[in-house]
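Step one of this worksheet: look at the structure below.
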Amino acid sequence: MAFPDTPFLNIALIAEQRSTYHDQGYSEEECAALPHNGEADELLTALKELGHHVTLVPGIQALVKHLAAGTNKDWDLAFNISQGFHGLAREAQIPALLDAYQIPYTFSDAATMALCQNKVSTKIILAHHKIPTAPFSVISREDQKLSLENLTDMIPHYPLFLKPVTEGSSKGIHRFNKVMEPADLESAVKKLRSLLPDQDILVEPFLSGRELSVSILGTGAQGRVVGVTEFLWKKPSSDGTVRNGNCNGLEFASRISKCSDTDMLVERNDPGLMTETQVKAACQVALDAWKTFGCRDAGRVDIRFSSNELDAVPNVLELNPISGLLPGHSPLARSAEENGYPYKDLLAAIIQSALARKTATILS
């Protein structure tokens, strides 16, 4: 697939370097949401091979220096994969700066980024638009005393699942997040608070069905599905033990499953997946959510079914309006390639989507 109409551009590639934060003493889990090691290098190489001149801007502080010095004036486009590091709306910080300086950029604007980063805000909007998402309650970081009665009224059925409200990349997700009975809830809350004391905690029923990540290319109503990844977890052996280091008994993505060298987490990306009836239903829910939030250019919507029954409901877990792009690793890049979008073609399509927005602005 070629994009002959895409001009050669001066592109600012905005991406944090994990090594910068590691050198400052931050842990691997604290850096989990940042671009993967090697991701910026892969993007830099691919964008240059597409004919563009690329300037690497390693995060928000480097961007501020460019803006202050005026060296941004030759940029035609910012290719933004910055996740931010500090603050509850950190993914919105780079887009807000780029908007203020009227620099065109890839992916969603600051408002959408901030909304999607907050899982509670996301669920409220999804529910308003009747897009399936699990019922929920919130434990505020300011509530020192846990009230089980309030949670029981909202979510009467166990098991429950606890998540930090504004984190991604499975930060703060470990075995204890799945709570099997009321007696374990207070302990799980304390553990999560000890890891992320500045976060509210989202509580919702544990959804026991299939988990999918739907990759989308395009903006709003023009979005189309270009791949689907299904996440499969190894089951424990009959006696509950872990053998050969390849099963942990988890049924959800966690820091353990994502960071382990074992094969406890298996990803399925084959094109046949997209022909299944359940997956088609999940794709439609994902597209509805993408359109509702006005997500742009490319990203993913994570879906989990309510159960393993054939008529189970595909619930939106979260939207990822900015998504990893490490070839051969990130679900968006891998699933798109399985379905006819090689890496450089995917990048070209993202750029073309952003340029169409720039052209529309000029014409208006």
Side-chain angles (χ1 to χ4, degrees), residues 8-110 112-114 116-117 166-169 171 258-259 296-299 320-330 332-333 343-344 346-348 350-351 354:
F8 297 150
L9 305 171
N10 288 318
I11 293 178
L13 173 59
I14 306 176
E16 297 95 351
Q17 303 287 333
R18 288 194 183 199
S19 59
T20 301
Y21 293 91
H22 288 156
D23 291 345
Q24 295 174 21
Y26 291 100
S27 68
E28 184 61 33
E29 180 160 358
E30 289 174 310
C31 297
L34 298 178
H36 297 287
N37 291 326
E39 185 172 351
D41 293 337
E42 292 280 357
L43 271 167
L44 186 69
T45 298
L47 291 172
K48 285 183 176 179
E49 289 176 353
L50 287 168
H52 304 299
H53 178 270
V54 186
T55 300
L56 180 61
V57 181
I60 191 166
Q61 293 180 354
L63 175 61
V64 169
K65 290 178 181 178
H66 277 284
L67 296 175
T71 52
N72 61 288
K73 292 179 181 178
D74 292 332
W75 296 348
D76 299 306
L77 182 73
F79 197 107
N80 173 40
I81 62 165
S82 170
Q83 300 282 343
F85 199 79
H86 299 290
L88 298 180
R90 57 194 172 277
E91 291 180 3
Q93 293 167 355
I94 293 287
L97 273 174
L98 295 173
D99 277 335
Y101 280 80
Q102 297 182 294
I103 300 169
Y105 58 93
T106 59
F107 305 118
S108 293
D109 61 21
T112 295
M113 290 290 193
C116 292
Q117 188 167 355
T166 61
E167 288 296 350
S169 302
K171 287 179 68 174
K258 287 188 174 181
C259 296
R296 307 192 314 200
D297 301 340
N320 299 275
I322 190 166
S323 180
L325 282 168
L326 181 61
H329 177 84
S330 301
L332 172 58
Y343 187 62
K344 284 191 286 188
L346 176 64
L347 299 186
I350 291 169
I351 291 170

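Rounded to the nearest 0.5 Å, atoms CG (L67) and CG (N72) are 5.0 Å apart. Expressed to the nearest 0.5 Å, how far CD1 of I103 lies from CG of L77 amounts to 10.0 Å. In this structure, H52 NE2 and L347 CG are separated by 9.0 Å, a value rounded to the nearest 0.5 Å. Summarising the geometry, atom NE2 belonging to H66 is positioned 13.0 Å from atom CG belonging to L97; distances are rounded to the nearest 0.5 Å. Here CG of L63 is found 5.5 Å from CG of L98. Values are rounded to the nearest 0.5 Å. Interatomic distance, CG of L326 versus CG of L332, reported as 11.5 Å (0.5 Å rounding).
The two residues M113 and P321 have their closest heavy-atom pair at SD-CG, 3.7 Å. A333 approaches P327 most closely through the heavy-atom pair CB-CA, 4.2 Å. Looking at every heavy atom in both residues, E16 comes nearest to G84 through OE2-N, 2.7 Å.
Partners of D109 by side-chain hydrogen bond (donor to acceptor under 3.5 Å, both in side chains), not counting sequence neighbours, listed by chain and number: T112. For L44, the side-chain contact (heavy atoms from CB on, under 4.5 Å) partners at least two apart in sequence or on another chain are L13, K48, V54. With sequence neighbours left out, the side-chain hydrogen bond (donor to acceptor under 3.5 Å, both in side chains) criterion links T45 to no other residue. Applying the ring-ring contact (aromatic ring centres under 6.0 Å, His included) criterion to F79, with sequence neighbours excluded, gives F107. A search for ring-ring contact (aromatic ring centres under 6.0 Å, His included) contacts involving Y21 returns F85, not counting sequence neighbours. Applying the side-chain contact (heavy atoms from CB on, under 4.5 Å) rule to A15 yields the partners P35, A40, I81; only residues at least two apart in sequence or on another chain are considered. With sequence neighbours left out, E49 forms a side-chain hydrogen bond (donor to acceptor under 3.5 Å, both in side chains) with K344. The side-chain hydrogen bond (donor to acceptor under 3.5 Å, both in side chains) test applied to T166 returns Q199, not counting sequence neighbours. Qualifying side-chain contact (heavy atoms from CB on, under 4.5 Å) partners for N80, counting only residues two or more places apart in sequence or in other chains: I14, S82, I94, P95, T106, I322.
Relative to the ring axis of Y105, R296 places its NZ or CZ within 45° and under 6.0 Å from the centre.
The local environment of CD in Q102 is sparse, with at most 12 non-hydrogen atoms from other residues, nucleotides or ligands closer than 6.0 Å.
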task = Run the numbers on L325 and E39 for side chain to side chain contact (heavy atoms under 4.5 Å, CB included), then give the verdict.
result = CA-CA 7 Å; L325 282 168; E39 185 172 351; 3.7 Å; yes
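Among residues at least two apart or in separate chains, salt bridge (charged side-chain N to carboxylate O under 4.0 Å, His left out) pairs with a member in residues 83-95 are R90-E167. Among residue pairs with one or both ends in residues 53-76, none qualify as salt bridge (charged side-chain N to carboxylate O under 4.0 Å, His left out); sequence neighbours excluded.
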